[in-house]
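Heads up, the thing below is written out as structure tokens.
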Protein chains: 2
Amino acid sequence: MPRVSRAQAVQNRERPVQAAELFRERGVDHVSVQDIMAAVGLTHGGFYRQFESKEALLPEAARHAYDSMAARLTELDASVADHTAAQRRFIQTYLSPSHRDHPGQDCPTAGLVQDIARTSSAETRDLLTSGVADLGEWLDQPGRDGLVTACTLLGALLVARAAAGSPLSTQVLEQVRAALISPT
Amino acid sequence: MPRVSRAQAVQNRERPVQAAELFRERGVDHVSVQDIMAAVGLTHGGFYRQFESKEALLPEAARHAYDSMAARLTELDASVADHTAAQRRFIQTYLSPSHRDHPGQDCPTAGLVQDIARTSSAETRDLLTSGVADLGEWLDQPGRDGLVTACTLLGALLVARAAAGSPLSTQVLEQVRAALISPT
DNA sequence: TGTTTTAGATGACGTGTATCATCTAAAACA
DNA sequence: TGTTTTAGATGATACACGTCATCTAAAACA
């Protein structure tokens, strides 16, 4: 049990940060330190060697999540003809039933807004803030303010999640999708 | 201390439901049964005479909140010239710094989406669902889908709350306000 | 006024969980 | 190969909270 190779150890240090996608799925309060470490195959003990506290994990998790999101945006741009196509593609995916049903992946803002709004350090708030701002810029279009688009996406996704099960859920996704993709 | 008049008792039964605005402020998990009862001037003991469990309070609180929101919309319509003016007024208020800073009041959806998405009974989800649907209808405009507007408002408010303190917070409010009120 | 009812108070109980002190064996290095 | 270092395991502590059984005094009613 104790002592793995130095390389392993370094790698392990990253894993709780990734496992913190549980935060996005269930909400910070519904994830225990044990849950996180168990998801990584370790026991709760080692946690406090790496992190000050459970609270301190949130900003690291947020940073990690926003980084991968940024990476995904770049990829998206590279994979299609022009930026407009990328934007359209992003919106489609963002408002897909699959994204609705898997909060652990993709948009960190959707999973964390509320938790961040309530408890967080300035650092964490800044991460969210600039994450949203960046997305807003990326979504900018001639006739439409990207920041507004970002808010619409976020709101729609959250409503769709809360309404999951009801027909309104899918309806919201589709109606918003239509509105954002067609002109003006 | 025990035993108040029958009328008082009936009235008291309503008060925890109102006090559950704390749910919207802090999130369900950060409000204890004691907090709720204390807010009402009572002790935690009486709670379980009135409610099955803490969980059972959420739907009642949600219903209460959506009811008062509906009432406010009606009032708004009565207080201004036409429906369009009422809509404009609503959006202004919804995206005001004051609304941002007082999550206990006004929009129940903004305070509860996440909590409802995660844990709730079908009943609670339905409350949110129809609350959003109703608001969407109310916000409908010739050129703009009301449901989409509702999502935009929600998203903007949540971002503004999470970003509170940063300049982006106010910027989001203003930018979205501008986009929703000007034509198209 | 005496009896009955019951709103609300008190005080436990059990559980879940963050945190920390301590222990261990294996890796690293001599 | 012997010594030192340390990643991670174990177990204990402390506390917050939901829930409930029990108690009380005053209101309701005769």
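All chains are named by letter (A, B, ...) in the order of the sequence lines, taking the proteins before the strands, and each is independently numbered beginning at 1. Reckoned from all heavy atoms, side chains included, excluding hydrogens, waters and symmetry mates.
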Flag the pair B:R118 and A:E25 as a salt bridge only when some basic side-chain nitrogen lies within less than 4.0 angstrom of an acidic carboxylate oxygen.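 Looking at B:R118 and A:E25, the cut-off is not met.
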Charged N to carboxylate O below 4.0 Å: is that the case for A:R26 and A:D35?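 Here A:R26 pairs with A:D35 in a salt bridge, since their nearest N and O are under 4.0 Å apart.
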Minimum heavy-atom distance A:Q175-B:V148, with the two atoms named: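 Minimum heavy-atom contact is O-CG2, 4.1 Å.
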Exercise: identify the closest heavy-atom pair between A:L57 and A:I36: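 Looks like CD2-CD1, 3.5 Å.
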Atom-to-atom span, [atom1] of [X] to [atom2] of [N] - whole angstrom:
X	N	atom1	atom2	result
A:F51	C:dT17	CZ	P	19 Å
B:L42	D:dT24	CG	P	20 Å
A:M37	D:dT10	CE	P	13 Å
A:Q11	D:dA7	CD	P	15 Å
B:L57	D:dC17	CG	P	16 Å

Let me spell it out: for each of A:H30 and A:R49, pick the nucleotide of DNA chain C with the closest heavy atom. Which residue's pick is nearer the 5' end?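 The answer here is A:H30.
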Main chain of A:A156, side chain of A:R161: is a donor-acceptor contact present, judged purely on distance under 3.5 Å?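 No, the answer is negative, given that no donor and acceptor are paired below the 3.5 Å cut-off.
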Out of A:D77, A:T149, A:L135, A:V80, which one pairs with A:F90 under the side chain to side chain contact (heavy atoms under 4.5 Å, CB included) rule?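 Going through the options one by one, the only one that passes is A:L135.
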Rounded to the nearest 0.5 Å, what separation is found between the OG1 atom of B:T152 and the CG atom of B:L147?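 Answer for the OG1-CG pair, B:T152 versus B:L147, is 9.5 Å.
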Collect all protein-nucleotide pairs involving nucleotides 18-20 of chain C in which both atoms are nitrogen or oxygen and the distance is under 3.5 Å.
unit_1	atom_1	unit_2	atom_2	d
C:dA18	OP1	A:K54	NZ	2.9
C:dA18	OP2	A:V33	N	2.8
C:dT19	OP2	A:Y48	OH	2.5
C:dT19	OP2	A:K54	N	3.0
C:dT19	O5'	A:Y48	OH	3.4

Is it the case that B:S121 and B:T124 place a side-chain donor and acceptor less than 3.5 Å from each other?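 There is such a pair (donor and acceptor under 3.5 Å, judged by atom type) between the side chains of B:S121 and B:T124.
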Between which residue ranges does DNA chain C form stems of three or more consecutive Watson-Crick or G-U wobble pairs, both distances under 3.5 Å?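 C:1-30 with D:1-30 - these are the stems of 3 or more pairs that involve DNA chain C.
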